[in-house]
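Scroll down for the structure; my scribbles are underneath it.
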Amino acid sequence: SRLELLSSEKPPTKRQVVENAFVAIKEYDRKRFAEHIADEFIPPGQLSHDNLVALILKYQHQLEKGLAMPNRRTQFGVKSGIYAKLYRFSEEFLGRYGKTSEFVLSGLGRAIDQYIDFHKSRGEQVDRIVMETRGFLEMKGITWKEGDGGIVEVSKDKLVKLGKGAFSSLIQARRSVRQYAPRLEDGSKEFSKLRTDVYDTIRMAGEGT
């Protein structure tokens, strides 16, 4: 009988138990990954709210990184398709979810404005897709202001001042630095002060251990 066959089967070895557990975990991870991955090749309508937010932020950050580089070239992000992707994902996001996470698109609008200003400073016109993306956001009622996105200039003095206030203000001021001030000359007054500051930082870090 079936009961007799089951009772006669050998119990799995420890190795088999471990191998079966790994197979189950890998399958679980695969399903979770497929469910939440923000893949730009997923057909329209199948990306979740979080997927679309992730993709918009991803390509917005690529624009911001390009704007922060010391040797910026004009029209970056056009031939690579960044703007075409931003238009597509913004359109799908607003079409399906409305202005539920307007802060995401506000940051994008601010970054595009800085992109346009950069080209104006070079005496160049931006590509049509740039203005179309900006115009689409405006048409949908998305607004933005300075500080919503894009790049900013930071200084040591500003960060020191923030560090003496609320900790949350210092954290919110955190930035990824892509372009630095000119290198200081060895022996200069500014270099000596910087070296003292570095030594003081190392000393304070050592005292905390």
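In this chain, numbering begins with 1 at the start of the sequence shown.
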Any side-chain to backbone donor/acceptor pair from [X] onto [Y]? Under 3.5 Å, distance only.
{"X": "Tyr97", "Y": "His49", "result": "yes"}
{"X": "Gln75", "Y": "Gln125", "result": "yes"}
{"X": "Asn51", "Y": "Ser48", "result": "yes"}
{"X": "Glu64", "Y": "Gly150", "result": "yes"}
{"X": "Lys99", "Y": "Gly141", "result": "yes"}
{"X": "Arg88", "Y": "Tyr83", "result": "no"}
{"X": "Thr133", "Y": "Tyr87", "result": "no"}
{"X": "Arg72", "Y": "Leu67", "result": "yes"}

Spacing of [X] atom [atom1] and [Y] atom [atom2] [to the nearest 0.5 Å]:
{"X": "Ser90", "Y": "Lys140", "atom1": "OG", "atom2": "NZ", "answer": "11.5 Å"}
{"X": "Ile56", "Y": "His61", "atom1": "CD1", "atom2": "NE2", "answer": "11.5 Å"}
{"X": "Leu137", "Y": "Thr143", "atom1": "CG", "atom2": "OG1", "answer": "10.5 Å"}
{"X": "Lys79", "Y": "Ile129", "atom1": "NZ", "atom2": "CD1", "answer": "15.5 Å"}
{"X": "Met69", "Y": "Ile151", "atom1": "CE", "atom2": "CD1", "answer": "11.0 Å"}

Does a sphere of radius 6.0 Å around CZ in Arg122 hold more than 12 heavy atoms from other residues, nucleotides or ligands, not counting ones at 6.0 Å or beyond?
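For Arg122, atom CZ is crowded (more than 12 foreign heavy atoms under 6.0 Å).
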A side-chain contact here means heavy atoms from C-beta on lying under 4.5 Å apart; do [X] and [Y] qualify?
{"X": "Gln114", "Y": "Arg110", "answer": "yes"}
{"X": "Val130", "Y": "Tyr115", "answer": "yes"}
{"X": "Leu108", "Y": "Ile142", "answer": "no"}
{"X": "Leu86", "Y": "Ile112", "answer": "no"}
{"X": "Phe76", "Y": "Ile82", "answer": "no"}

Contacts of [X] that satisfy salt bridge (Lys or Arg N to Asp or Glu O under 4.0 Å) - sequence neighbours left out:
{"X": "Glu124", "answer": "none"}
{"X": "Arg134", "answer": "Asp113, Glu138"}
{"X": "Lys120", "answer": "none"}

Ring centroid separation for Phe89 and Phe93, is it under 6.0 angstrom?
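Ring centroids of Phe89 and Phe93 are no less than 6.0 Å from each other.
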Smallest separation among heavy atoms of [X] and [Y], with atom names:
{"X": "Met131", "Y": "Ile116", "answer": "SD-CD1, 3.6 Å"}
{"X": "Arg96", "Y": "Gln46", "answer": "NH1-N, 4.1 Å"}
{"X": "Ala111", "Y": "Gln60", "answer": "CB-CG, 4.3 Å"}

